Amino acid sequence: MASRHNRLNGHDSAEFHQRFRLLLLIIVCTMAVLVVRMWHLQVIKGSELYQRSESNSMRNRTIRAVRGVILDTNRKVLVDNQAAFDILLYPQRAGNVQDVTNRFATLCTERSLSYPEEILQIRKTRSVEPLRIERNISREKLVLVEAHTLELPGMVSEVVPVRQYLQGEKMAHVIGYMGEISPEDLEKEGMRYASGDMVGKFGIERYLDASLRGTNGAENVVVNVVGKEVRILGRLSPIAGRNVVLTIDSVLQEAAWDALEGRPGSVVALDPRDGSVLAMVSSPAFDPNLFRGGISVRDWKKLSQDPAHPLENRAISGQYPPGSTYKLVVAAAALEEGLVTPDTSFHCNGSFTLGNRTFHCWQKHGHGRVSLHRAIVSSCDVYFYNLGKLLGVDKIAHYARAFGFGEATGIDLPREKGGIIPTREWKLARFKKPWQPGETISISIGQGFNTVTPLQLALAYGTLANGGTLWRPRIVRQIETIDGKVVQAFTPEKRGTLPISEKNRLLIRDALWGVVNEPGGTGGALRRKEADVAGKTGTAQVVGLPSAGKVRSFSTRFRDHALFVCFAPHDRPEIVVAVIAENAGHGGSAAAPVARKVIDAYFDQKNQAGKEQTVRQDSPSRSKPSLAAVKPDPARKEDP
Amino acid sequence: MKFDRRLLLNFDWKLFGMVLIICSIGVMNIYSTGFSLADARHTPLYMKQMQSMTIGILAMFIAFSVDYRFITRHAYIIYGISIALLIAVFFLGTAVKGSQRWINLVGFSFQPSELMKLTLILALSKYFDEHRLPQPYRLRELAIPFLIVFLPFFIILKQPDLGTALMLLILFVSLVFFVGVRLKSVLPAAAGILTLLPAAWFFLKDYQKQRLLTFLNPDEDPLGTGYHILQSMIAVGSGGFLGKGFLKGTQTQLKFLPEQQTDFIFSVFAEEWGFLGGLVLVLIFLALILWGVKIARHARDYAGMLIAFGITMLLFWEVFINIGMVLGLLPVVGIPLPFLSYGGSSLVVMMTAVGLLLNISVRRYILQF
């Protein structure tokens, strides 16, 4: 049996000797190649690759600072924070990103949850930055993601605070809203923000974003391949954002909002003594809570393309012809220039002719012979046509500017507009045409090129009421740390003094009192027993005005804007209210009742506070704002 | 068959010792890969590997005690059984990651393609032993060996398991060169294959093409197919000279390394034990291989020499290709690292192969029965 096997003999050994030597050479050489390669990777490139292994597993995670809350003047919380969850996807740990998003979509569908369709478009990406798959997810989806971490590698949930706007639409324009930082802002602001950060986009949220946002902290964590944290190496605590206290009184704000009843328009209430804004309403409004998880494309389209412009803050960016409320300026100018005295009178037969043009008084039959006082009380147009003719456009403009018209007031809100106070020079520059005398006649009753914002209007009347000090309006009272220490107090700021003598000022003020309280006055709606009101109605024609909105609904778009501005009490004024109701008709009938409700609310609150003060001899308790980001305050229901 | 005292007397303790050392390193290493999982419901992988090792030692002693000439005599039958098992995989097998390689044998999941490597060596050795020529072989004289290798080659390619299929070819080529082949016949054939190679591109599966491309440039797509090789190189490199320490490899423990307990097991070792550890391991492998060469060289007969040579080559190529792949020198193909990669089939087959080496080693002293 053994003979069948080929025994090796000496000859064979010689033959194979060569081959074995070659074999040994090959083996030793290839193994040497492995060792050399190991040396190359581990010793020569060792520290570099060590760094890479570290960066594989180390994450610098930002800890978001809690955004400051916003309080009203009585320290009532207007904006709070709530905890929400976002889903992030770390592409590097997902392996195949598409697999993960598809699986996620399938899991969502199985539980009949919705998911953003866009995620299925996400292709392979080289980014090491996480992708924010979805913001503000539901609790069901949070459970889904947490329960399927192994099937969804790289997908993690992140706690993020979101804003809770307790006042909803009522204060939408003042407070504003937040949104994901735009690429342009990101480039501009550089270091302070990261891609995907939520920043204030409008209102106080935007204006004071730097104070509200605080400083993010960081945490150095070790993560495994699916992005799960294994341990924490180091931590830099975040610094909470500052709280902002507004001058707004939410009681007045609510009264003003309710009084407008959703009609387009604006209400501004301020304290003439220091220019503090007590209420600022713009209608129609939007619900800022729509923005908190990142607004949906559909909602955004609806808001931004709405012909009624709900996103615009009419109080500071709405530019309206002032109508008869402008007579304040014309009267002051004429008196101060010595062109008229209180006794000067003009005859009003219902119209006024200049050259070949005829200008009508709103009272077709005329007012008869009227002095300045009566002309203001009954809002006689012809009287003011005469004043305008005597003054000329540039004189009127001079006094208008003294009242703060024609330039932005400088309020601490973004996107304020300045309105237009025309002069000869302005028209030449703008239209390359000389000024027509007839245009001065229109200007003298607040028509024509004139435009003002509701805030300017309130401020101008406040200036007259307070003895002649033009304030920079103030909407932020102070900025505080999280534990109530004042960081920055916004003190009243004087912009100018009215160049009007006290005698003339009182003359006009009394006439404005007459508008409300004398027979034949156009503002009778404001007549009150206590804290008497002084004010002025206005009815601004819309037709033919260059600034008339092109998108008002057909039936109402040509109706006049109703205006009313007033202050109370007339001799020791504490509050000024300006109302503009768009396309609502006459100022006396459409705007004055709105102002009345705000004035009433102010004094009701004051009387109540006075009573309470006498009962309990202590100061009103200051409610501490809640900073815990989780407490869901039952959001107050809006008017249907 | 009566047990021969001389089997014990001349037992190759050094070979056995080296294999035991490598196997122990393997178990320890697999313990490290499963360290952070700590899932009590499953038997830990290192325990399973130890079970396989026990079975392997058993198989090794069987392979050692039966005279290898007896085994050689029945090589074709063993070959036939292996082929049958390979075909059975298609009908009874279980698929893992899209590849059907496993079959259940009396409660054990078994990979016949691993066995095929050893069986092929036996069958080819038998053929060359029986058809020994005084002069180098011509191509046409190699027709039957070609058949012997291509049958399992294609079956395994179909599974698909490119790594193992290639391994069969490599073993075949190694043996052919060893027994001697006329260069005049080989060169035209080699040239022909080289020209046909680009055509082979079209027969590769997409993932296989991708792997080749990735090998050429791993940084091109670090999150996709380049991921494996890149993470592996990071793991090895980050180990530095002394390593991060047992159970302290971040790439391993945090699961950045893919396939870490199987094909990429060497990166786990290199990360935790550094260049020094890797060098020691490579040197042990080298010693083992050189020992195998020595056994082949001193084998009593031609068949024994061929078998010992074949087994040594199997060991050598698997070590070289696997480590070369882990170090980014070679493209990613599924070839395990002998004794270290997790996997019962590979371990048992390799230990059986060692049993045969021991067998051949000891019987050179036994002149006759």
Side-chain angles (χ1 to χ4, degrees), chain A residues 1-2 4-8 11-13 15-17 19-20 22-24 26-28 30-58 91-97 124-128 153 222-226 228 230, chain B residues 36 69 72-73 129-130 132 177-178 180 221-224 227 230-231 233-241 243 249-251 253-258 270-271 274-275 278-279 282-283 285-286 289-290 293 296-297 299-305 309 312 316 319-320 323-324 327-329 368-369:
Chain A
M1 230 163 46
R4 274 186 57 198
H5 292 275
N6 286 299
R7 281 291 176 83
L8 293 169
H11 174 75
D12 287 334
S13 303
E15 185 194 336
F16 284 104
H17 189 66
R19 287 181 203 172
F20 275 117
L22 186 65
L23 183 64
L24 287 182
I26 291 170
I27 289 171
V28 171
T30 46
M31 288 301 178
V33 167
L34 294 184
V35 172
V36 168
R37 174 66 172 177
M38 270 162 54
W39 178 268
H40 175 70
L41 283 179
Q42 300 190 286
V43 180
I44 296 172
K45 288 175 79 179
S47 52
E48 178 200 327
L49 289 169
Y50 183 79
Q51 290 301 321
R52 284 183 80 166
S53 84
E54 289 286 286
S55 66
N56 248 348
S57 55
M58 303 289 193
Q92 200 179 21
R93 293 175 238 158
N96 188 333
V97 172
K124 219 171 265 172
T125 162
R126 242 162 256 189
S127 154
V128 283
V222 179
V223 295
N224 69 9
V225 69
V226 290
K228 201 174 161 214
V230 181
Chain B
S36 55
R69 283 165 296 189
T72 318
R73 222 174 297 139
D129 182 43
E130 286 171 359
R132 203 170 169 198
F177 272 98
F178 186 69
D221 183 13
L223 301 182
Y227 183 78
L230 200 65
Q231 293 301 336
M233 276 157 67
I234 290 173
V236 172
S238 66
F241 189 77
T250 55
Q251 290 285 98
Q253 302 306 334
L254 303 170
K255 307 289 172 230
F256 286 97
L257 264 179
E271 184 185 20
F275 174 77
L279 181 68
V282 168
L283 286 181
F285 269 123
L286 181 63
I289 292 162
L290 294 182
V293 173
R297 209 167 173 176
R300 195 167 68 126
D301 52 26
Y302 192 54
M305 181 168 84
F309 171 79
T312 308
F316 165 70
V319 168
F320 176 66
I323 297 182
L327 298 180
L329 287 173
Q368 54 198 168
F369 280 77

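Computed from heavy atoms alone, side chains included, the values below leave out hydrogens, waters and symmetry copies. Predicted, not measured: the structure shown is a model, and the values here were computed from it. Proteins get letters first, then strands, A, B, ... in listed order; numbering begins at 1 in each.
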Nearest 0.5 angstrom please: [X] [atom1] to [Y] [atom2], how far?
{"X": "A/M31", "Y": "B/F285", "atom1": "CE", "atom2": "CZ", "value": "8.0 Å"}
{"X": "B/L329", "Y": "A/L41", "atom1": "CG", "atom2": "CG", "value": "8.0 Å"}
{"X": "A/T30", "Y": "B/F316", "atom1": "OG1", "atom2": "CZ", "value": "3.0 Å"}
{"X": "A/S53", "Y": "B/E271", "atom1": "OG", "atom2": "CD", "value": "6.5 Å"}
{"X": "A/L24", "Y": "B/I289", "atom1": "CG", "atom2": "CD1", "value": "11.0 Å"}
{"X": "A/H40", "Y": "B/M233", "atom1": "NE2", "atom2": "CE", "value": "7.5 Å"}

Report task. Under 4.5 Å, counting heavy-atom pairs only, tell me which of A/L34, A/V43, A/I44 racks up the most with chain B. Result ->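 Between A/L34, A/V43, A/I44, the count favours A/L34.
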
Query raised in the report: Checking B/I323 against chain A: side chain, backbone, both or neither under 4.5 Å from a heavy atom?
Result: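 Looking at B/I323, backbone and side chain both touch chain A.
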
Query - Contact origin within B/A235 toward chain A - heavy atom pairs under 4.5 Å - result: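 Contact with chain A is absent: no heavy atom of B/A235 under 4.5 Å.
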
**Report entry** For chain A, the option from B/G239, B/G243, B/A270 that forms the most heavy-atom pairs under 4.5 Å
**Finding:** B/A270

**Report entry** B/L279 and A/W39, any side-chain heavy atoms less than 4.5 Å apart
**Finding:**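 Heavy-atom side-chain distance check fails, nothing below 4.5 Å.
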
Requested in this report: Would you name the heavy atoms of A/Q42 and B/V236 that are closest together and state the gap between them?
Outcome: NE2-O, 3.0 Å

Report summary line: Shortest non-hydrogen pair, B/I234 vs A/L49, comes out as CG2-O, 3.7 Å

Query raised in the report: Got more than 12 heavy atoms from elsewhere within 6.0 Å of CZ, A/F20?
Result: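 Yes - once you tally the heavy atoms of other residues, nucleotides and ligands closer than 6.0 Å, there are more than 12.
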
Query raised in the report: Should the ring pair B/Y302 and A/F16 be called parallel, tilted or perpendicular, given that the plane angle runs from 0 to 90° and is split at 30 and 60?
Result: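 The rings of B/Y302 and A/F16 sit tilted, inter-plane angle from 30° to 60°.
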
Query raised in the report: Side chain, backbone, both or neither: which part of A/L23 has a heavy atom under 4.5 Å from chain B?
Result: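 The side chain, not the backbone.
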
